[in-house]
Amino acid sequence: MERIGLFIDGANVYAAAKRLGWNFDHRKILEHFAGMGALYNAFYYTAVPAQIDDKQKRFVDALTYMGYTVRTRPLRENTDEHGDTSRRASLDIELVTDLLTTESRYDVAVLLSGDGDFERPVEVLRARGKRVIVASIPEMTSYELRNAADEYVDLASIREQVERPGYRLPSEGTNGRTEGRAHDRELRAAFYSAGAGDDR
């Protein structure tokens, strides 16, 4: 039985849910991909406010109780010359570190992200004999990352297995196909400025 390592880019998954107009049940995501073999570990990466509120704390606690190893970073506030404030954070380094330092413990890495920045780490893992599955939605997945993976899963195709019934997010629509890192970063920025959370 193959050992599975699950790595979830929380910002990317939240942005995908906004695009699709329906939300993910993180317990079902865990169960779905764990069903592919023997789960080694499931990592979830999310930004949190500098002063974490009860809502965000409940979300992180719920993920932990489900069985996730949660990695967090505080949001950083930046004010531009016009006085506009934006909040940003990136957990790419944490995700890549876990991908590479735990590789001896899994045979298959399942990466829920469409971020092209992960292309090179995926290539490294495959060169070391690991199988890599990327799961996201096509309009948010860079060509380079999809090409680097062994297998691609469109999250919309497994809706019945991973949806949180009765819980909808306002859809951003999917007019046109936009690829590339710049678009992905825009979605991440929107996620972080919204508070980086799954309303629970």
> Yes or no on side-chain contact (heavy atoms from CB on, under 4.5 Å) for L125 and L99, after CA distance, side-chain angles and deciding distance?
Replying inline: CA-CA 8 Å; L125 287 173; L99 268 175; 3.7 Å; yes

> What's the verdict on side-chain contact (heavy atoms from CB on, under 4.5 Å) for F118 and D9, showing C-alpha distance, side-chain angles and the deciding distance?
Replying inline: CA-CA 11 Å; F118 298 127; D9 177 350; 4.0 Å; yes

> Can I133 and L111 be said to form a side-chain contact (heavy atoms from CB on, under 4.5 Å), step by step?
Replying inline: CA-CA 6 Å; I133 298 171; L111 173 62; over 6 Å; no

> Where do D92 and Y45 land on the side-chain contact (heavy atoms from CB on, under 4.5 Å) test, with the steps shown first?
Replying inline: CA-CA 9 Å; D92 289 2; Y45 305 85; over 6 Å; no

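Counting heavy atoms from C-beta outward, N41 and Y106 have side chains that stay 4.5 Å or more apart. Side-chain atoms of E119 and S142, non-hydrogen and from C-beta on, never get closer than 4.5 Å to each other. Side-chain contact between L145 and V122 is present, with heavy atoms from C-beta onward closer than 4.5 Å. In this structure, I29 and Q161 have side chains that are not in contact, with every pair of non-hydrogen atoms separated by 4.5 Å or more. Counting heavy atoms from C-beta outward, V110 and V134 have side chains that stay 4.5 Å or more apart. Counting heavy atoms from C-beta outward, I8 and Y68 have side chains that approach closer than 4.5 Å. Contact annotation: the side chain of V132 never approaches that of V108 to less than 4.5 Å [non-hydrogen atoms, C-beta and beyond].
Atoms CZ and CD, from R71 and E94 in turn, are 8.5 Å apart once rounded to the nearest 0.5 Å. Expressed to the nearest 0.5 Å, how far CG of L100 lies from NZ of K130 amounts to 11.5 Å. Going from atom CG of N12 over to atom OG of S136 covers 4.5 Å, rounded to the nearest 0.5 Å. Put simply, CZ on R3 and CZ on R105 are 10.0 Å apart, with the number rounded to the nearest 0.5 Å. Separating the CG atom in L39 from the CE atom in M1 is a distance of 11.5 Å, to the nearest 0.5 Å. Put simply, CG on D25 and CG on L30 are 10.0 Å apart, with the number rounded to the nearest 0.5 Å.
Ionic pairing of D107 and R131 is not present here: no N-O contact between side-chain nitrogen and carboxylate oxygen is shorter than 4.0 angstrom. Between K57 and D61 there is a salt bridge, since at least one side-chain N of the basic residue sits less than 4.0 Å from a carboxylate O of the acidic one. Salt bridge absent: E163 and K28 never bring a charged side-chain N and a carboxylate O closer than 4.0 Å.
Looking at T64, its side chain does come within 3.5 Å of a backbone N or O of V60 through a donor-acceptor pair. Of the possible donor and acceptor atoms, one in the side chain of Y152 sits under 3.5 Å from a partner among the backbone N and O of I137.
When the shell of 6.0 Å around CD1 of I93 is examined, it contains 12 or fewer heavy atoms from other residues, nucleotides or ligands.
Taking the ring centroids of F33 and F7, they lie at or beyond the 6.0 Å cut-off.
Nearest heavy atoms, A156 versus W22: CA-CZ2, 4.1 Å. Between M140 and R19, the shortest heavy-atom contact is SD-CG, 4.0 Å. In terms of heavy-atom proximity, L91 sits nearest to A47 at CD1-N, 3.8 Å.
Checked against salt bridge (charged side-chain N to carboxylate O under 4.0 Å, His left out), R126 has the following partners two or more places apart in sequence or in another chain: D150. In this structure, the salt bridge (charged side-chain N to carboxylate O under 4.0 Å, His left out) partners of E103, at least two apart in sequence or on a different chain, are R128.
Classified by interplanar angle (parallel below 30°, tilted 30° to 60°, perpendicular above 60°), the ring pair F43/Y40 is tilted.
Using modelled atom types and a 3.5 Å distance limit, the side chains of T69 and Y44 yield no donor-acceptor pair.
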